[in-house]
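Have a look at the structure below, then the notes.
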Amino acid sequence: MTLETRSFVEEARREKLAALRERGVVPFEYGFARTHTAVTALEDYTSSDQEVAVRVAGRVIALRAHGKTTFGHVSDHTGRVQFFLRRDEVGEEQYRLLKLLDLGDHLGLEGVMFRTKTGEITVRVKQLKLLAKALRPLPLGKEDSAGVQHSGLVDAETRYRERYADLAVHADTRATFRLRAQAISYLRRFLDSKGYVEVETPALQPLYGGALARPFVTYYNALEAEFYLRIATELYLKRCIVGGMDRVYEIGKDFRNEGIDREHNPEFTMLEFYEAYADYGDIMCLVEEMLHGLVVELMGTEKIERFGVTLDFRPPWPRLDYTDLVREHAGVDLRTAEDAVLRATLVNRDIPDLDSVPRTKLIDGLFKHFVEDTLVQPCFVVDYPIEVSPLAKPKRGDPALAERFELFIQGSELANAFSELNDPDEQRARFDAQTAAREAGDAEAHQIDEDYIKALEYGMPPTGGCGIGVDRLVMLLAESPSIRDVILFPMLRPET
RNA sequence: GACCGGGUAGCUCAGUCGGUAGAGCAACGGACUUUUAAUCCGUAGGCCCUGGGUUCGAGCCCCAGCCCGGUCACCA
């Protein structure tokens, strides 16, 4: 029992609950043997001339009482179906039960399918069973004959905080999460079919790495040590490669101690995969094949319209040179320009402490502010400056660059990949540079991971690897403007 | 973290110049044996986010805070 006072609506339902119990009705049943879902009940009727007996169950989402007859709709995970009761068919006792029902209650209905005179295929109920009473009113709203939803649950905060209510009320919310599940299932099947092995690596790590970000810190009592929630799976997956698991992937949560906005949730789902004897060019082709296949399988087409733009997933996708893009859109040549020039280009871009920002961040800033928004159609940006890529191999023939690419669609970064650095001595030197950056005040700089270097010293084969932000991928597929719309229970400040 | 917008009945919203708080849906009572935003008659329902202040009087004006959303910053 909460201290929260109940609304009069809830009081009314409590009274009905008591009345039901008084009559010997079990208000929270133990099960109901269904023969049909809402949709199969409708389908079986249309495909048969014979009488179709059904047992369906669902939540009451509409109720229209007309004296001695009553219409309503129940909704299950497949859809909705109308039901109809006549007092002289179900009997006085059952019919009086209706008085004690509310929108939101779960019902089991036994009856036969028929078509009403207005044409709707409907369950003619012979027996009705309350399966679970709803003590709070669901914000169901109403749908008119044109299918337009009126009222209902609109408040964004409630939709996220009470996702159960959002899901219960909005079929399209349920559809988004079904789509998410289908997408993840496809990614698994694709990688499995390519001979990849799915693995699980630690989420609680003594050192964090594999990305540049601030971690969540926690304390493990039994070991009397600080631990970090992982910011990436990368370094553990590459340990697997060292160990001879030539193709591995993991789909799991990463945690980054950062702000929340339309594209960021502090815990999010990442797919990372690594393939021995592949380089970033091979990975690019694999990503292209995988995501093209994903769109075709889920959307049934190679071109999808999202946020008013038709996106064409037909391969090959353009490979655009990072340095060229920055030169083209920011007018700066990263090969020759001094820090001062980069800084000057970024003036008036609302960057705090611009004067003390290190070169790596200046480069990042130029790309973000001048280039990202221009990358609408699926495209790969290739060959990043080496100084912003501490885990990537230098580019063959140009040590100022790394063999790295990112995939962009509609200005959003969806994948990050490279030919993995497997020279342990060079990796140590890169870590040292990161340590210097950290000492200069860069809280996101990479930590030095001696154990990872040890692993590399045992010899890691040439390897291509990639990380894909699953939430952002689903946002694109579901045309969701906010990452919160594709995460069932997004982060919110706790209620006080 | 900064700026902008929002917070009023279970839900969606209105609220004039500062003068006793409104609608639709949902709820409750009644009528109604093929309705579908059912209809008709009636009834009830409010910590106007919280705390201060101004005022004879505050949902409304002022200050502070809380929560949400948006933009920006931070952030692969």
Side-chain angles (χ1 to χ4, degrees), chain A residues 5-13 15-16 61-73 80 82-90 95 99 102-104 114-120 122 124 134-161 165 169 210-214 231-232 234 254 256-266 268 270 349-354 361 364-365 367-369 372 384 388-389 404 406-408 412-417 443-444 467-469 472 481-482 484 492-496:
Chain A
T5 52
R6 284 188 203 123
S7 71
F8 67 98
V9 182
E10 290 166 72
E11 289 297 350
R13 291 181 179 222
E15 283 165 23
K16 289 181 189 174
I61 56 167
L63 208 52
R64 298 178 292 280
H66 301 262
K68 298 182 184 65
T69 63
T70 294
F71 286 88
H73 282 85
R80 52 158 64 185
Q82 182 170 252
F83 63 90
F84 170 68
L85 291 92
R86 288 172 62 128
R87 192 179 65 176
D88 54 15
E89 286 176 9
V90 297
Y95 200 78
K99 274 283 189 190
D102 288 296
L103 297 185
F114 78 113
R115 194 185 285 272
T116 64
K117 74 180 185 191
T118 50
E120 181 160 350
T122 301
R124 180 186 289 267
L135 294 175
R136 280 178 191 265
L138 275 175
L140 280 164
K142 286 200 167 187
E143 192 175 285
D144 66 22
S145 48
V148 178
Q149 190 73 25
H150 297 261
S151 186
L153 181 56
V154 169
D155 180 64
E157 181 173 359
T158 309
R159 291 207 301 120
Y160 300 140
R161 260 189 220 288
V169 161
L212 306 181
R214 277 191 282 185
I231 59 172
E234 169 151 2
D254 289 346
R256 297 188 184 173
N257 209 334
E258 296 159 356
I260 299 172
D261 63 31
R262 262 198 354 270
E263 287 198 300
H264 297 84
N265 194 64
F268 60 100
M270 183 79 105
R349 291 281 167 170
D350 199 10
I351 293 170
D353 304 320
L354 183 58
K361 299 269 174 185
D364 224 27
F367 188 81
K368 170 165 303 197
H369 286 284
E372 273 191 11
Y384 280 60
V388 297
S389 313
R404 172 182 178 187
E406 293 193 349
L407 167 66
F408 283 86
S412 178
E413 176 209 326
L414 286 176
N416 179 24
E444 285 98 34
I468 294 182
R472 288 186 188 173
S482 168
R484 294 180 186 109
L492 292 174
R493 201 174 287 273
E495 277 184 301
T496 46

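Computed from heavy atoms alone, side chains included, the values below leave out hydrogens, waters and symmetry copies. Within every chain, numbering begins at 1; the chains are lettered A, B, ... in the order of the sequence lines, protein sequences first and strands thereafter. If you're wondering where the values come from, they're calculated on a predicted model, not measured in any experiment.
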Base, sugar-phosphate alone, or nothing: which one does [X] contact when heavy atoms must sit under 4.0 Å apart?
| X | result |
| --- | --- |
| Gly152(A) | sugar-phosphate |
| Lys361(A) | sugar-phosphate |
| Ala211(A) | nothing |
| Glu120(A) | base |
| Phe408(A) | nothing |
| Phe114(A) | base |
| Arg13(A) | nothing |
| Arg493(A) | sugar-phosphate |
| Ala62(A) | nothing |
| Arg64(A) | base |

Let me know the distance between [atom1] of [X] and [atom2] of [N], rounded to the nearest Å.
| X | N | atom1 | atom2 | result |
| --- | --- | --- | --- | --- |
| Phe84(A) | rA38(B) | CZ | C1' | 14 Å |
| Lys117(A) | rA38(B) | NZ | P | 17 Å |
| Glu15(A) | rG29(B) | CD | P | 9 Å |
| Arg159(A) | rC11(B) | CZ | P | 15 Å |
| Arg484(A) | rG69(B) | CZ | C1' | 8 Å |
| His66(A) | rA31(B) | NE2 | C1' | 13 Å |
| Leu492(A) | rG7(B) | CG | C1' | 15 Å |
| Lys16(A) | rG29(B) | NZ | C1' | 12 Å |

Which is more 5' along RNA chain B, the nucleotide nearest Leu140(A) or the one nearest Arg115(A)? Just name the residue.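 Its nearest nucleotide being more 5', the pick is Leu140(A).
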For Arg472(A) and Gly72(A), find the nucleotide of RNA chain B closest to each by heavy atoms; which residue's nucleotide sits nearer the 5' end?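 Residue closer to the 5' terminus by nearest nucleotide: Gly72(A).
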Look up atom [atom1] in [X] and atom [atom2] in [Y], then write down how far apart they are to the nearest 0.5 Å.
| X | Y | atom1 | atom2 | answer |
| --- | --- | --- | --- | --- |
| Arg484(A) | Tyr160(A) | CZ | OH | 6.0 Å |
| Thr70(A) | Arg86(A) | OG1 | CZ | 12.0 Å |
| Ile61(A) | Gln82(A) | CD1 | CD | 10.5 Å |

Spell out, as yes or no, whether a donor-acceptor pair under 3.5 Å connects the side chain of [X] to the backbone of [Y].
| X | Y | value |
| --- | --- | --- |
| Arg256(A) | Ile231(A) | yes |
| Arg159(A) | Leu153(A) | no |
| Arg13(A) | Ala134(A) | yes |

Over 60° means perpendicular and under 30° means parallel, so classify the ring planes of Phe71(A) and His66(A), tilted if in between.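 Taking Phe71(A) first and then His66(A), their aromatic rings stand perpendicular (interplane angle over 60°).
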[atom1] spacing across the pair [N] / [M], given as an integer number of angstrom:
| N | M | atom1 | value |
| --- | --- | --- | --- |
| rG46(B) | rG7(B) | C1' | 15 Å |
| rU16(B) | rG53(B) | P | 25 Å |
| rG30(B) | rU34(B) | C1' | 22 Å |
| rC47(B) | rA21(B) | P | 13 Å |
| rG24(B) | rA38(B) | C1' | 16 Å |
| rA23(B) | rC17(B) | C1' | 23 Å |
| rA73(B) | rA2(B) | P | 16 Å |
| rC49(B) | rC13(B) | P | 15 Å |

[N] pairs with which nucleotide, Watson-Crick or G-U wobble, both distances below 3.5 Å?
| N | value |
| --- | --- |
| rC72(B) | rG1(B) |
| rC60(B) | none |
| rG24(B) | rC11(B) |
| rU54(B) | none |

[X] side-chain proximity, nearest of [options]:
| X | options | result |
| --- | --- | --- |
| Glu157(A) | rU34(B), rC67(B), rA26(B) | rC67(B) |
| Pro139(A) | rU34(B), rC28(B), rC11(B) | rC11(B) |
| Phe8(A) | rC75(B), rC28(B), rG10(B) | rG10(B) |
| Glu258(A) | rC75(B), rC74(B), rG45(B) | rC75(B) |
| Lys142(A) | rA73(B), rA37(B), rU12(B) | rA37(B) |
| Lys99(A) | rU33(B), rC75(B), rG30(B) | rG30(B) |

Taking 4.0 Å as the cut-off, does a side-chain nitrogen or oxygen of His73(A) come that near to OP1 or OP2 on rA37(B)?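 No, because none of the side-chain N or O atoms of His73(A) sits under 4.0 Å from OP1 or OP2 of rA37(B).
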In terms of side-chain geometry, is the basic nitrogen of Glu444(A) or Lys361(A) positioned less than 4.0 Å from the acidic oxygen of its partner?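 Looking at Lys361(A) together with Glu444(A), the answer is yes, because their closest N to O distance falls below 4.0 Å.
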Please state whether the base of [N] and the side chain of [X] form at least one donor-acceptor pair under 3.5 Å?
| X | N | result |
| --- | --- | --- |
| Arg262(A) | rU71(B) | no |
| Asp155(A) | rC11(B) | no |
| Arg87(A) | rU33(B) | no |
| Thr69(A) | rU34(B) | no |
| Gln82(A) | rU35(B) | yes |

Tell me whether the count of non-hydrogen atoms from other residues, nucleotides or ligands lying under 6.0 Å of CZ in Arg214(A) goes above 12.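 Check fails, neighbour count at 12 or below.
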